[in-house]
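What follows is a set of notes on a single structure, which appears directly below.
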Amino acid sequence: MPVTYSSYLKLDELLALQQPLSDGPEHDETLFIVIHQVYELWFKQMLHELDYLQGLLIAHDTPRALHTFKRLLTILKVSVAQIDILETMTPLEFLSFRDRLETGSGFQSFQFREFEFVLGAKNPAALDRYPAGSAARRSLERRLAEPTLWDAFLRYLADGGHAVPAEALRRDLSQPVAEVAALQPVLLAAYRRDPEARTVCERLVDLDEGVQEWRYRHVKMVQRTIGAKPGTGGSAGAAYLLATLNRPAFPDLWAIRSEL
Ligand code: HEM
């Protein structure tokens, strides 16, 4: 059989995956399913690009790293903008099928947790939500032990001749990326004297800000759709999500801005 558009993209399988649970079914449930599936595909692609980007930084290939950053940041912008689509769904439209979600929630998205881990927001407690031995748990265990994008960037800086302190280069990889005061003068010097490294820093800030923008847009969507009701995933809902705002992935890059 020759390859066709449908066979290559496995469209029969893909288009059979949107299965509303509500009776009727409720009109808006299809949008809710499609948008979450699209998000999971973008998470997959962003993880793919992030893995590639880490390799490029370690290889000190600045042009291809910047090219990959551009793609990653464009996907992130598009995925943040998709919240506009879901915000066309009113609270009553969501309530028409919300019960059918039972305890299901984006909270359980293992790809989102992988994304957080790759960016440095490691949290071993997140593993407990996935059964031991499951594919999701194994991916997260691997990501928990692996270097993050920040670690690849520090290696890039060190290889570029910057005196990155050993405490930053040899940090415990299973821990979240935290501020290292001794690294900040090195970053300031890179900003002032190394235009390539400075550009890479700026793209990291774009990425960090983009993820924070997603969190802000998501919590606003949650507030307008369910108010202060608890989440289906078992958290306090918006109150929990508000506590995740303003937590930068790369704190040193924000700290140095007052000194520039
Ligand atoms: C009407 C739309 C939505 C509502 C009302 C909503 C609600 C919530 C709530 C209340 C939480 C907190 C956890 C919980 O107790 O459930 C949450 C977490 C989360 N949601 Fe949504 N959500 C919506 C759409 C989306 C979409 C489209 C995505 C895209 C993947 C998404 C991804 C996530 C993620 C990744 C978390 C975990 C965030 C974290 O722990 O920092 N949500 N959502």
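Note that ligands are numbered from 1 as they come in the structure, with each ligand's atoms numbered from 1 the same way. Reckoned from all heavy atoms, side chains included, excluding hydrogens, waters and symmetry mates. Small disclaimer: the values here were computed from a predicted structure and weren't measured. Position 1 is the first residue of the sequence; numbering continues from there.
Of the options Pro230, Ser105, Ala236, the smallest heavy-atom separation from atom 16 (O) of ligand 1 is shown by Ser105. Closest heavy-atom approach to atom 11 (C) of ligand 1 among the candidates Leu241, Asp28, Thr232, Asn123: Leu241. Between atom 39 (C) of ligand 1 and the options Tyr39, Trp214, Tyr240, the minimum heavy-atom separation is to Tyr240. Which of Leu86, Ile226, Val222 comes nearest to atom 6 (C) of ligand 1 through a heavy atom is settled by distance: it is Val222. Nearest-residue assignment for atom 28 (C) of ligand 1 (options His36, Glu116, Gln111; heavy-atom criterion): His36. Ranked by closest heavy atom to atom 22 (N) of ligand 1, the top entry among Gln82, His218, Arg215, Lys229 is His218. Nearest to atom 24 (C) of ligand 1 by heavy atom, out of Met221, Gln223, Gln37, Glu40, is Met221.
Remark: the backbone N or O of Leu72 is not paired with any side-chain donor or acceptor of Glu49 at under 3.5 angstrom. A donor-acceptor pair under 3.5 Å is absent between the side-chain atoms of Gln18 and the main chain of Ile33, judged by distance alone.
No heavy atom of Arg217 sits closer than 4.0 Å to any atom of ligand 1. Between Arg98 and ligand 1 there is no heavy-atom distance shorter than 4.0 Å.
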Intermediate values then yes/no, side-chain contact (heavy atoms from CB on, under 4.5 Å), Asn123 and Glu116: CA-CA 9 Å; Asn123 172 15; Glu116 287 189 316; over 6 Å; no
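For a threshold of 3.5 Å applied to N or O pairs, the pair formed by Gly233 and ligand 1 contains at least one separation below that value. Between Thr244 and ligand 1, no N or O atom pair is found at a separation short of 3.5 Å.
Atom 37 (C) of ligand 1 has its closest protein heavy atom at Arg113 NH2, 3.5 Å. Of the protein's non-hydrogen atoms, the one nearest atom 15 (O) of ligand 1 is Ser235 OG, 2.7 Å.
Short contacts between ligand 1 and Gly237, defined as distances under 4.0 Å to a heavy atom of the residue, involve ligand atoms 10 (C). Per-residue contacts place Phe107 under 4.0 angstrom from the following atoms of ligand 1 (heavy atoms of the residue considered): 13 (C), 18 (C), 19 (C), 36 (C), 37 (C), 40 (O). Within ligand 1, the atoms closer than 4.0 Å to a non-hydrogen atom of Phe94 are 5 (C), numbered from 1 in the order shown. Residue Met89 approaches ligand 1 through these ligand atoms, each under 4.0 Å from one of its heavy atoms: 1 (C).
Of the residues listed (Arg138, Arg143, Lys44, Arg137), the one engaging Glu114 in a salt bridge (charged side-chain N to carboxylate O under 4.0 Å, His left out) is Arg143, and it is the only one.
If you take CG on Leu187 and CD1 on Ile256, they are separated by 5.0 Å, rounding to the nearest 0.5 Å.
Comment: Glu202 engages Arg257 in a salt bridge, judged by a side-chain N to carboxylate O separation of less than 4.0 angstrom.
Heavy-atom neighbours of His60 NE2 from other residues, nucleotides or ligands within 6.0 Å: above the threshold of 12.
Annotation: Phe97 is in aromatic contact with Phe94 [ring centroid separation under 6.0 Å]. Aromatic ring centres of Trp150 and Phe153: separated by under 6.0 Å.
Side-chain polar atoms of Trp254 and Asp208 form a donor-acceptor pair below 3.5 angstrom.
Phe115 places none of its side-chain heavy atoms less than 4.5 Å from the side chain of Trp214.
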